[in-house]
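Comments concern the structure below.
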Amino acid sequence: MGSAHRHAAHDQSLFRVRAAVFVTSARETAGQRLEALGKLSPRVVGAKVDGVIYDLHTPLPEGVEKVSPLDKSAPAALKLIRHSSAHVMADAVQRLFPGTKVAFGPATDAGFFYDYDRGGKTFSDDDLRAIEAKMSEIIAENRPFVRESVTRDEARELLTKLEEPYKLEHLERLEGDISLYRHGDWVDLCEGPHVPSTGFLEAFQLTHVSGCYWRGDETNPMLQRIYGTAFATAKDLRGHLKRLEEAKKRDHRKLGKELDLVGFHPWAPASPFFLPRGATVYRLLVDYIRRLYSRTGYEEVVTPQIFDTQLFETSGHLPGYAEAMYLAATSENLEKASAALAGEVHDEQAIEATLRESIRFGIKPMNCPSHCLIFGMQRRSYRDLPWRMADFGRLHRFERSGVVQGLTRVRTFAQDDAHIFCTLEQVQGEITAFLDLVDAVYRDFAFDDVHLVVATRPDKRIGDDAIWDTSEAALLDAVVAKGIPYEIAVGEGAFYGPKIEFHIKDAIGRPWQMGTIQADFTLPERFDLSYVGEDNKAHRPVMLHRAALGSVERFFAVLLEHVGGAFPLWLAPEQIKLLTVSQKFNDYALEAKAQLEAAGLRVDVDLTDAKLGAKIRQARLMRVPYMGVIGEKEVEARGLALRKREGQKDLGLLPLPEVVGMLLGEARPPSERTAASSENSPEPPSGGPDPKV
RNA sequence: GCCCAGGUAGCUCAGUGGUAGAGCACCCCCUUGGUAAGGGGGAGGUCGUGAGUUCAAGUCUCAUCCUGGGCUCCA
């Protein structure tokens, strides 16, 4: 698997200015030191002092050794630029909208934001443009950013005077030194560091507004968050905007519509319709996983959609997961329930029983409970373990209206889901095998930037520490043995067991979490599952939840964006489209189509009276991997003129059997290509004929 | 669920209170052609939905549904 990419919990410490540094102001500053070293220039936005970022005007601590300039183009400089931009924005907002209170305003991975309380009022897009204009004025004033170290009482006094309740609240949570930052007349409770002056901010843009809660808590007042982005230079900003544009072009919702893959309808919100072309790809994905299962010892089951709610009470989904579950009612039961509510039933217990009965059925949000039922249907022996039970069952989860998104967050989906029932001793081997499986899958889809996160026991958990020790060790040992880059997310595991998450990066560098494998000790317990061991006693199995693609819908979306709509041959809805030069050749085109289809290819044909150029354009827009042009010469030669999607590759006139041979080799996922089929690779090594084996 | 922005023909989008538009797609006709759009004609909309203001509403107000961007949630 891929490079040694890691998410290292970004060097926050770099930006934490050390304590007890600002006692006097007579001390030499970073800027002075750099100047003395002849390293100060207008490109320098800060200083790196023994690995910690300082403002230029901040006094250095005693006995520092290394002071180096922080160039505005350095990645670490972005944080200064963005955080300073946030201050300037807040200044602009308070100038334009007096009385607005400020909350938090940090730099983020993509830019910055600042949260405001406008006393219930909101910001419009026009407001953003006005704020941008005001920011430009403040930047033109080129006021220096100045740090002040103050006592808690002084800070409290100032913030009280400024009437900043959120800042005051935050002040009381702060530990250690308190500092303020000023530029011009504007002052903020802030840790810094900042760029030397507002004039250093060359390229910024406010992007959008959203609501958010104070300290992220839904019960707190809602604030208005204005997002922006900022870069060292206008060129960098343009580059960023261009990348956003690129991402927009690849957006699966746009491509899904353009390529006739997916549709939506208001009567089934957040629930995709896979149209014929999309359904083909969907089926190919599932078929691919099925073939993998048959090679790796999985057995597929088909399970019900709707269950008595007792199932979910046993599994704990009710009431724990109730808000995300659809419940199913029958009209008969609903009538009884409304009669009860209308007061036609008087016995309180009877009313309660009637109401309970009215929602007696639940639509499954996960497959695991029904798999537990299957396990429990018969007496199981240790000889049956590990048992790998796969299920592509459709799941329904009620996601809140604000969180659904295209195919990546939907209310109905299927997973390449499987549950492995095994002994504690077998866990590590199963993990290792799954790592291999996932590795093969991501390779086949050309996701080459993959890394793992091992999530360990959270504070709130169930199960003995001894079991956690064993299962965490099993996960880690398997990962370490594979030599795959990983990181450990301490305390991020599920309450029922540790897990491994698989994160990939797509073609334009965006991260996605795809597969996962989790150990579970709870569910077997809840369902009282057991197997008979060698010792003829009952033992509790361990359950592993695992998926490589995750949700097929989501994987479809990520893959679609990854390939920019151009599916590889083995996944393309149509592998080749036949284009006739004129309708005189339609009969032969249909013959050729039948022959290619008989050989197992997915073939489309354009018999319209459009000109060849228009047909090619149409096929290219649909990203069809191969085109077969058919005119007089091709009919005579019983072949077609092959043209490849990538580049302008005209592969010339080929007899049909040769076309079949060429395409079939490429028509399987890489891991299923045999030496025999790669012989027919469409791109033989250059220079001379293929060295046949 | 909350905040912001949208919703006009199948698609992409014009339309600032006074007779609903364009391009593409679709249907018909001409054209029968050689590697990213041949030409002509036609059909297609209760402007998301429901109320309200007005002599008059796609346009203003309110409500509601859906979509998008965030927040939040995520066994």
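These numbers come from a predicted model, not from an experiment. All values below come from the heavy atoms of this structure, side chains included, with hydrogens, waters and symmetry mates left out. Just so it is clear: chains get the letters A, B, ... in the order the sequence lines come, proteins before strands, and each one is counted from 1.
Ring centers of A:Phe112 and A:Tyr114: at least 6.0 Å apart, outside the cut-off. A ring-centre distance under 6.0 Å is not found for A:Tyr116 and A:Phe104.
Among the heavy atoms of the strands lying under 4.0 Å from A:Gly631 is at least one base atom, whether or not backbone atoms are also near. A:Thr207 comes within 4.0 angstrom of no nucleic acid atom, judged by non-hydrogen atoms across all strands. In this structure, A:Arg397 reaches neither bases nor backbone, as no heavy-atom distance under 4.0 Å exists between it and the strands shown. At a threshold of 4.0 angstrom between heavy atoms, the contacts of A:Phe113 with the nucleic acid are absent. Backbone-only engagement by A:Gly406 is indicated by non-hydrogen atom pairs under 4.0 Å involving sugar-phosphate atoms exclusively. Within the 4.0 angstrom heavy-atom criterion, only backbone atoms of the sugar-phosphate kind lie near A:Gln224; the bases stay farther away.
Across all strands shown, B:rC47 remains unpaired; no Watson-Crick or G-U wobble contact has both distances below 3.5 Å.
More than 12 heavy atoms of other residues, nucleotides or ligands lie within 6.0 Å of CD in A:Glu591, so this atom counts as buried by the packing criterion. For A:Glu632, the CD atom sits in a loose shell: 12 or fewer heavy atoms of surrounding residues, nucleotides or ligands are nearer than 6.0 Å.
In this structure, CD1 of A:Ile616 is placed 9 Å from P of B:rA37, rounded to the nearest angstrom. Straight-line distance from the CD atom of A:Glu636 to the P atom of B:rG34: 16 Å, rounded to whole Å. Taking atom NZ of residue A:Lys611 and atom P of nucleotide B:rG39, one finds them 9 Å apart after rounding to whole Å.
Contacts between residues 407-421 of chain A and RNA chain B, defined by a heavy-atom separation under 4.0 Å, are made by A:Arg409.
Under the 30°/60° scheme for interplanar angles, the aromatic rings of A:Phe231 and A:His240 are found to be tilted.
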Could you go over nucleotides 10-12 of chain B and give all protein N or O partners under 3.5 Å, atom names and distances?
{"residue": "B:rU12", "atom": "OP1", "partner": "A:Lys257", "partner atom": "NZ", "Å": "3.0"}

